[in-house]
Amino acid sequence: VALAKDSIQLIRSISPKIFVRLSAEDIFRTSRSNLLKFILETKDLVNRFGLPDTTGVATPEEIYEIVTQVKRITKGIDLEFHGHNDRGIALANSLAAYRAGVSVFDSTILGIGERTGIASLSGLIAVAFSKNNNWLSTNYNLKMLPKIDSTVAKILRIKIPHNMPITGPGAFSHVAGVHVNAMQTNPKSYQLLKAETFGRKTKTSIISTVMGKTFILKKAKKEKKVLSKYEAQKIASRIREEMKINGKINGEKIKKFMFG
């Protein structure tokens, strides 16, 4: 504490109006009494406190509880959260920190960082957009996000994870029969965010390894053929097997499976 106070006072003596951010390393494994003492003794000297979950040890419930306590004793001071993703819950922890009063969040492109990284930029934007889309859309060009992620991935010679929010290959893709059928009727059925908002397009793959009988029945009706649900399910099963073996199937083969 003394070292932190001396350092800040020295900085202030050189530049009185400088913005000072103070971060206590690994605060979620620090004893609560030591953490609160540290903050109480330094809060009048800083503009912002950083609250890092350095090893990703905290749960959303713990984040909310501790940040709430810190917020209570640091009125008027910004709080910043830095959440590591060692247990895959960096985004959930960021949301808990937001609910408790944090206003600044650390993130990186693709979540890249030490070990399993921290909260990804695209993930944070996906969470924030569902809470305040007008502010984000007004202040940022969200259509640049896929290009940013793909550029960094290309430079680092890595692939964007399939399940990366917004920018991942699977973010706006639908292949299961029930999902595809519902999406064609109402795009909101199985998709929270609009792909076009982020410069992307929604993709529905009618023919896939998880397709069902709905497509077969619709195609039969279009061809003015009569198939029972049982027959349609058997045909869909044959198509799924063909897709698993060859990775693709042409229209002629589908018709052969359907109508002989």
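Note that the coordinates shown come from a computational prediction; the quantities given were computed from them, not determined experimentally. Residue numbers run from 1 in the order of the sequence given.
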Quiz prompt | Whether F81 and F28 hold their rings parallel, tilted or perpendicular, with breakpoints at 30° and 60° | solution = perpendicular
Quiz item: Ignoring hydrogens and geometry, is there a side-chain-to-backbone donor-acceptor pair from D78 to S103 under 3.5 Å?
Solution: no
Quiz item: If you measure from the Lys or Arg side-chain nitrogens to the Asp or Glu carboxylate oxygens, is any gap between K225 and E231 under 4.0 Å?
Solution: no
Exercise. Indicate if L193 and M183 have the same hydrophobic cluster label, given that clusters are the connected sets of ILVMFWY residues with side-chain heavy-atom separations under 4.5 angstrom.
Key: no
Quiz prompt | NZ/K234: more than 12 non-hydrogen atoms of other groups inside 6.0 Å | solution = no
Exercise. Without swapping roles, check the side chain of D53 against the backbone of V57 for a donor-acceptor pair under 3.5 Å.
Key: yes
Quiz item: Which heavy atom of K143 sits nearest a heavy atom of P146, and at what distance?
Solution: O-CD, 3.5 Å
Quiz prompt | ILVMFWY network linking I18 to I8, side-chain heavy atoms under 4.5 angstrom | solution = yes
Exercise. With sequence neighbours left out, write down each residue that passes side chain to side chain donor-acceptor pair (under 3.5 Å) with N47, or none if nothing qualifies.
Key: R12
Self-check item: With K194 via side-chain contact (heavy atoms from CB on, under 4.5 Å) - residues at least two apart
Solution: E196, T197
Exercise. Identify the two heavy atoms, one from N85 and one from A90, that lie closest to each other, and give their separation to 0.1 Å.
Key: OD1-N, 3.0 Å
Quiz item: Taking a hydrophobic cluster as the set of Ile, Leu, Val, Met, Phe, Trp and Tyr residues connected by side-chain heavy atoms closer than 4.5 Å, whether directly or through intermediates, do W135 and L95 fall within one such cluster?
Solution: no
Self-check item: Whether T30 side chain and D26 backbone form a donor-acceptor pair below 3.5 Å
Solution: yes
Quiz prompt | N/O donor-acceptor pair under 3.5 Å between S130 side chain and V127 backbone | solution = yes
Quiz item: Would one find more than 12 heavy atoms of other residues, nucleotides or ligands at under 6.0 Å from atom CD of E62?
Solution: yes
Quiz prompt | Pairwise distance OG1(T138) to CG(N133) - rounded to 0.5 angstrom | solution = 9.0 Å
Self-check item: Exercise: identify the closest heavy-atom pair between I89 and P60
Solution: CD1-CD, 4.1 Å
Self-check item: Check: K203 main-chain N/O paired with S173 side-chain donor or acceptor under 3.5 Å
Solution: no
Quiz item: If you round to the nearest 0.5 Å, how far is CZ of F49 from CG of L35?
Solution: 9.0 Å
Self-check item: Nearest atoms (heavy-atom pairs only) where H82 meets I118
Solution: NE2-CG2, 3.7 Å
Practice problem: Please tell me if the side chains of H84 and T55 come closer than 4.5 Å, counting only heavy atoms from C-beta onward. | Solution: no
Quiz item: Do you reckon V46 sits in the same ILVMFWY cluster as L3, going by side-chain contacts under 4.5 Å, direct or chained?
Solution: no
Quiz item: Are L121 and V104 connected in the hydrophobic side-chain network, where two residues link if heavy atoms are under 4.5 Å apart?
Solution: no
Quiz item: For F172, does the CZ atom have more than 12 heavy-atom neighbours from other residues, nucleotides or ligands under 6.0 Å away?
Solution: yes
Quiz prompt | From CG (L51) to CG (N93), nearest 0.5 Å | solution = 12.5 Å
Practice problem: Please assess F198 against I125 for the test side chain to side chain contact (heavy atoms under 4.5 Å, CB included), listing each intermediate value before the final yes or no. | Solution: CA-CA 10 Å; F198 306 96; I125 288 177; 4.1 Å; yes
Practice problem: Indicate the atoms forming the closest heavy-atom contact of R115 with T54, along with that distance. | Solution: NH2-O, 2.8 Å
Quiz item: Do you know the tightest heavy-atom contact between Y64 and A96?
Solution: CD1-O, 3.7 Å
Quiz prompt | Residue pair S150 / T167, side-chain heavy-atom distance below 4.5 Å | solution = no
Quiz prompt | Spacing of L227 atom CG and I235 atom CD1 [to the nearest 0.5 Å] | solution = 5.0 Å
Practice problem: Step by step, work out the side chain to side chain contact (heavy atoms under 4.5 Å, CB included) result for I27 and F38. | Solution: CA-CA 11 Å; I27 73 160; F38 176 77; over 6 Å; no
Exercise. Go through the structure and list residues passing side-chain contact (heavy atoms from CB on, under 4.5 Å) with I112, not counting sequence neighbours.
Key: T108, L110, V152, L156, I158
Exercise. Can you measure from CG (L145) to CG (L136) and round to the nearest 0.5 angstrom?
Key: 10.5 Å
Quiz prompt | Test item: D149 and S122 side chains (from C-beta on) under 4.5 Å apart, heavy atoms | solution = yes
Practice problem: Look at the side chain of T151 and the backbone N and O of K147, then say whether any donor-acceptor pair between them is shorter than 3.5 Å. | Solution: yes
Practice problem: Drop me the distance from L36's CG to S31's OG, to the nearest 0.5 angstrom. | Solution: 8.5 Å
Self-check item: Cationic tip of R48 above F19 ring, under 6.0 Å, 45° of axis
Solution: no
